[in-house]
Amino acid sequence: MKVTRFAPSPTGNLHIGGVRTALFNYVFSKQSGGLFLIRVEDTDRERSKREYEEDIISGLEWLGISPDKTPIRQSERYDIYQRAAERLISSGNAYWCDCSPEDLEEMRKEQAALGKKPMYDGRSRDLGLKKSENTVLRLATPLEGETIVNDLIRGEIIFSNSELDDLILLRSDGTPTYHFCNVVDDYDQGVTTVIRGEDHISNTPRQIHIQKALDYPELEYAHLPLVLGEDKKRLSKRHAATSLNAYKEMGFTKETIINALALLGWSTENEIFLMDELIESFKLQNVQKAAAVFDLKRFNWVSSQQLAKLNDEAFFDVIKPFMKDEGINEDSTNYKKIILAMRTSKTNLKDIAHATRPFFFELDGYDEKGVSKFLNESLETLNFAHELLSKITEWNETELDIALINVRDYFNLPIPKVNQPMRIALVGSTVSPSLGLTLELFGKEKSLERIKKAIEFIG
RNA sequence: GUCCCGUUCGUCUAGAGGCCUAGGACACCGGGUUUUCAUCCCGGCAACAGGGGUUCGACUCCCCUACGGGAUGCCA
């Protein structure tokens with residue numbers, strides 16, 4: 001049974017890369033029948049905000065990535081870190097250091113000048129300093145030997161201990177640092193497997209040192225490849241929308257987002273799947289080592305496939321908020337029929353909802369190309385169609401199709417010559433569902449009115 | 001600078017030494033179906049970063065180089 005956790009710092013909205021990390025953690029734990037936990041790493045008091053924390057947790061909740069226990073918040077656990085620090089001090093694994101930031105700055109400069117790796121040289125280590133106003137607590141890390149990280153995705157990664165310096169556990173204001181809290185909390189929460197971004201690889205040996213000093217058991221690690229933008233730089237606002245909310249607002253369903261994100265760095269035979277299928281087939285060992293470029297086109301494709309899987313009622317449910325955004329309510333005439341007719345016209349819910357507008361609102365003009373190509377030469381056709389349609393009493397697709405054939409036959413024209421101008425008249429462009437259906441959806445009155453308007457437009 | 005991670009079609013990837021004439025998907029291009037668009041179906045284009053080894057044989061193993069990324073913070 002595996003216990004995993006997602007440990008975001010609430011310094012921004014839930015990021016799409018964060019969602020993927022959380023997803024992999026969730027799936028990995030669930031397939032072992034284990035637990036998925038959330039821990040808010042808000043030790044950076046300057047940048048952490050409660051609203052971000054809420055955004056992150058509710059975003060995951062929306063996706064169905066729910067924690068099995070109430071999320072914990074590091075800022076509320078300082079006494080716990082304090083106790084752990086005291087243990088380290090009494091066991092001789094940590095010591096107080098009074099070097100000022102300026103001292104350290106200078107030290108680094110000197111080392112850099114000599115072509116060495118800038119790092120704290122441990123000068124206070126054996127001074128036996130007491131805690132005072134400007135002291136930080138540092139971990140006494142092994143000077144020799146090596147630390148091996150056994151990564152579930154990458155295999156063994158070996159670090160020479162001489163590369164690592166004595167990291168700060170408690171700042172001079174007494175607050176604990178990231179590495180320290182992270183290790184204490186993973187232990188406290190009973191985490192077995194740490195799945196996180198690749199950018200944490202070099203942090204891992206440091207954290208292992210803290211673990212060892214505290215006598216904690218070893219953890220499993222898996223470092224996920226990063227998500228990149230088109231230019232192969234870390235995905236940021238410059239490339240595309242990065243927040244989960246943005247994708248939600250674009251009209252992607254949670255199934256789409258989960259599916260598409262799982263496919264970033266991981267693959268399986270059947271590329272379209274739902275959460276439980278993912279839990280069944282996911283293998284951490286199959287996760288890619290190299291970073292993956294985020295591609296919105298692929299997102300769109302997954303979306304079209306996921307939407308196609310939805311039955312009518314499920315589709316109405318997911319598109320409802322987007323219809324509302326367009327100002328279209330459920331009680332509008334032919335609401336459901338119109339949605340069904342337009343279902344496959346676009347790849348996401350927002351665009352589909354938008355595409356139904358001509359059925360609900362007055363046209364704000366005609367497509368120019370359509371006008372010049374079809375409408376201008378169709379005065380006679382439209383007049384005739386108007387006359388013919390006005391006589392129809394059974395206003396349904398079948399009858400209307402017959403009428404349209406009659407128009408075509410009367411003028412002996414190819415079908416598009418009749419249908420395209422009609423489409424322009426009705427929806428403003430040459431794109432619409434089957435014309436008989438389109439007419440049916442508009443209803444007799446509205447159809448005739450729009451054809452009339454088009455005639456007037458030409459005239 | 002030093003340490004660490006990585007590198008297969010434009011993109012996501014399959015590939016665990018011979019099954020590789022390197023497979024699939026998205027995108028793109030062409031064709032078909034369709035009253036338009038979309039859907040759907042068929043076809044096409046297109047990649048092992050470079051160089052050395054090891055081996056009878058290397059996309060697969062080793063080394064070097066190049067390139068990209070990360071770490072090197074009293075940020076997380």
Using a heavy-atom cut-off of 4.0 Å across all strands, would you classify [X] as base, sugar-phosphate, or nothing?
X	answer
A/Phe159	sugar-phosphate
A/Pro225	nothing
A/Arg423	base
A/Gly265	sugar-phosphate

Rounded to the nearest angstrom, tell me the gap between atom [atom1] in [X] and atom [atom2] in [N].
X	N	atom1	atom2	value
A/Asn419	B/U34	CG	C1'	12 Å
A/Ile272	B/C12	CD1	C1'	12 Å
A/Asn161	B/C3	CG	P	15 Å
A/Lys289	B/U7	NZ	C1'	12 Å
A/Lys373	B/C37	NZ	C1'	13 Å
A/Leu307	B/A38	CG	C1'	13 Å
A/Leu435	B/C37	CG	C1'	13 Å
A/Leu413	B/U36	CG	P	15 Å

Which nucleotide, in any strand shown, forms a Watson-Crick or G-U wobble pair with [N], with both distances under 3.5 Å?
N	value
B/A46	none
B/G68	B/C5
B/C26	B/G10

Of the listed nucleotides B/U7, B/C12, B/A38, the one nearest the side chain of A/Leu264: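 Nearest nucleotide to the side chain: B/C12.
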Over 12 non-hydrogen atoms of neighbours within 6.0 angstrom of NZ in A/Lys309: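 Yes - once you tally the heavy atoms of other residues, nucleotides and ligands closer than 6.0 Å, there are more than 12.
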Same-atom distance ([atom1]) from [N] to [M], integer angstrom:
N	M	atom1	answer
B/U39	B/C20	P	32 Å
B/C26	B/C9	C1'	12 Å
B/G52	B/A47	C1'	22 Å
B/U21	B/A27	P	30 Å
B/U7	B/A46	P	24 Å
B/C3	B/G44	P	49 Å
B/G10	B/C48	P	9 Å
B/G18	B/C59	P	11 Å

Sequence neighbours left out, what passes ring-ring contact (aromatic ring centres under 6.0 Å, His included) with [X]? Give chain and number order.
X	value
A/Tyr216	A/Tyr187
A/Tyr247	A/Phe294, A/Phe299
A/His15	none
A/Tyr366	A/Phe457

Residue that, paired with A/Ile402, satisfies side chain to side chain contact (heavy atoms under 4.5 Å, CB included) out of A/Leu404, A/Leu400, A/Asn406, A/Ile405: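 In the set A/Leu404, A/Leu400, A/Asn406, A/Ile405, the residue that makes a side chain to side chain contact (heavy atoms under 4.5 Å, CB included) with A/Ile402 is A/Asn406.
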A/Asp42 and A/Ser48 side chains, donor-acceptor separation under 3.5 Å: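 Side-chain D/A pair, A/Ser48 to A/Asp42: absent.
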Donor-acceptor side-chain pairing of A/Asp199 and A/His223 below 3.5 angstrom: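 A/Asp199 vs A/His223: no donor-acceptor pair found between side chains.
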Given RNA chain B, 5'-ward residue of the pair A/Ser160 and A/Leu437, judged by closest heavy atom: A/Ser160
Qualifying salt bridge (charged side-chain N to carboxylate O under 4.0 Å, His left out) pairs with a residue from residues 134-147 of chain A, counting only residues at least two apart or across chains: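 Sorted pair list comes back empty.
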Where protein sits on nucleotides 59-76 of chain B, one letter per nucleotide: B base, S sugar-phosphate only, - none, heavy atoms under 4.0 Å: ---------SSBSSSBBB
Reading 5' to 3' through nucleotides 23-32 of chain B, protein heavy-atom contacts under 4.0 Å coded B for base, S for sugar-phosphate only, - for none: -BBSS-----
Any residue meeting salt bridge (charged side-chain N to carboxylate O under 4.0 Å, His left out) with A/Glu53, in chain and number order, not counting sequence neighbours: A/Arg50, A/Arg73
Any A/Gln285 side-chain nitrogen or oxygen under 4.0 Å from OP1 or OP2 of B/A16: no
N or O in side chain of A/Ser432 less than 4.0 angstrom from B/C37 OP1/OP2: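 Indeed not, no polar side-chain atom of A/Ser432 lies that close.
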Sequence neighbours excluded - ring-ring contact (aromatic ring centres under 6.0 Å, His included) pairs with any residue from residues 395-444 of chain A: A/Phe359-A/Phe442, A/Phe384-A/Tyr410, A/Phe384-A/Phe411
